[in-house]
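Numbering of ligands and ligand atoms starts at 1, following listing order. Note that the coordinates shown come from a computational prediction; the quantities given were computed from them, not determined experimentally.
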Amino acid sequence: MKITAARVIVCSPGRNFVTLKIETDEGLTGIGDATLNGRELSVASYLDDHVIPCLIGRDPHQIEDIWQYLYKGAYWRRGPVTMSAIAAVDTALWDIKAKAAGLPLYQLLGGASRTGVMVYGHANGRDTEQTVDEVLRYRDMGYKAIRAQSGVPGLEKVYGVGKSTVFYEPADADLPSEHDWSTEKYLRHTPQLFDQVRAAVGPDIHLLHDVHHRLTPIEAARLGKDLEPFRLFWMEDATPAENQDAFRLIRQHTTTPLAVGEVFNTIWDCKGLIENQLIDYIRTTVVHAGGITHLRRIADLASLYQVRTGSHGATDLSPVCMGAALHFDLWVPNFGIQEYMRHTDETDAVFPHAYTFQDGFMHPGQVPGHGVTIDEAVAAKFPYQRAYLPVNRQQHDGTLWNW
Ligand code: GCO
Ligand code: MG
């Protein structure tokens, strides 16, 4: 088999998505997600201008060789743009290989290790009361694991809380919108939020929370300690992780499980965190960490240290990434949980898919390939719209902070 053509499709059914489609001389096609929120066109150009010319004529079955060729061949290693582009190629090639074999992708990875993929949904509210109601609504929809985010008294805009409780899109403006931040207000509010959420929902539902990189290590240590009575499944992105050693301090002070990794793009970003057992869940995902080929390497390293997977699954990761991730999750021995933020109906119409949700678990389906396609005619109705993620400033003096 030979690759005859490849195309980048950019569309915006409510938010931007970048999709790579690879065609072969045998008529089989495969697609991969290349979406990098707020920097979409850089990946589209990287693919169009620098990757696609190198793919034509190659055997799509040689996934590993093509991966190495794109990674080592660029000379400039790592980085979110490069790794998202490589991921798109890798995902599309796994899709083609599985279609050629007539098997759902998880069968090529080694088969199903479980009956379904436990996912966590997003409950959010403007205050504690509304957040509690939302958690209960997610429980009633069948979710076994729920992430709770709430507005903080005295702060106008907070990560994870949108205008609507159903869909939340942080990349909400033509130029970055500005949020305000106060660590003191957040640290005061969050333990009482989980006190009330846990009391309302009972002991059996897994509860998660995303700090979104906003605390220093010692502040994160304190929050982890304060949340211990409420038995969280994890506390996510407690502090920025460029310095992997920063997690030592948090770890020394709390038994609240720690999850990190949505902004990582290679195994090198999490090597120290994993080998030093500073985290419990690694959240790298298919699109931003070099595709299934590289994610598998990260998961294997993690398995040596009893670190489990918990892949990022926000709506800026397209249904193509979600489909591929679910095949990965169904197989990966050290699976933990999968994030699932539902896409809008417009997005689902652009990307028809075989995956399903029932009673808190998802399944990638039995269609050959990863089970997600793109309806290009529908996609063409939603042209690209520039959209940025917000920035965050300290409330007391306007210093730029981590969003
Ligand atoms: C999550 C994430 C997202 C990110 C978004 C950025 O845990 O789902 O933190 O909400 O902010 O993916 O593009
Ligand atoms: Mg997050």
Over 60° means perpendicular and under 30° means parallel, so tell me whether [X] and [Y] are parallel, tilted or perpendicular.
X      : Y      : result
Tyr46  : His50  : perpendicular
His212 : Tyr159 : parallel
Phe328 : Trp331 : perpendicular
His343 : Phe17  : perpendicular
Tyr106 : His327 : parallel

Between [X] and ligand 1, does any nitrogen or oxygen pair lie at a separation below 3.5 Å?
X      : result
Glu262 : yes
His122 : no
Tyr120 : no

Under-4.0 Å heavy-atom contact with ligand 1, by part of [X] that carries it:
X      : result
Trp403 : side chain
Arg147 : side chain
Met341 : neither

Which protein heavy atom lies closest to [atom], and at what distance to 0.1 Å?
atom                    : value
atom 12 (O) of ligand 1 : Asp316 OD1, 2.7 Å
atom 3 (C) of ligand 1  : Tyr159 OH, 3.4 Å
atom 8 (O) of ligand 1  : Glu339 OE2, 2.5 Å
atom 11 (O) of ligand 1 : His212 NE2, 2.8 Å

Item checked: Enclosure of Asp345 CG (heavy-atom neighbours >12, cutoff 6.0 Å) -> no
Checklist line | Proximal ligand 1 atoms for Ala314, defined as those under 4.0 Å from one of its heavy atoms | finding: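 By the 4.0 Å cutoff, the relevant atoms are 3 (C), 8 (O), 12 (O).
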Check: For ligand 1, which atoms have a heavy atom of Asn37 less than 4.0 angstrom away?
Finding: 6 (C), 13 (O)
Note to self: Let me check your reading of the structure: within less than 2.8 Å of the Mg ion (ligand 2), is there an N/O/S atom from Glu339?
What the structure shows: no
Margin query: Counting backbone and side-chain atoms alike, is an N, O or S atom of Glu262 positioned under 2.8 Å from the Mg ion (ligand 2)?
Written below: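 Glu262 does place an N, O or S atom closer than 2.8 Å to the Mg ion (ligand 2).
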Check: Can you name the nearest heavy-atom pair linking Ala34 to Leu47, along with the distance?
Finding: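 That closest heavy-atom pairing would be CB-CD1, 3.8 Å.
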Check: Charged N to carboxylate O under 4.0 angstrom, Lys381 versus Glu346?
Finding: no
Check: Could you state the interatomic distance from CZ (Arg231) to CZ (Arg198), rounded to the nearest 0.5 Å?
Finding: 9.0 Å
Item checked: Criterion salt bridge (charged side-chain N to carboxylate O under 4.0 Å, His left out) on Glu228 and Lys225, from CA distance to verdict -> CA-CA 5 Å; Glu228 278 173 22; Lys225 240 177 162 170; over 6 Å; no
Checklist line | At the Mg ion (ligand 2): angle between Asp210 atom OD2 and Glu236 atom OE2, to 10 degrees | finding: 90°
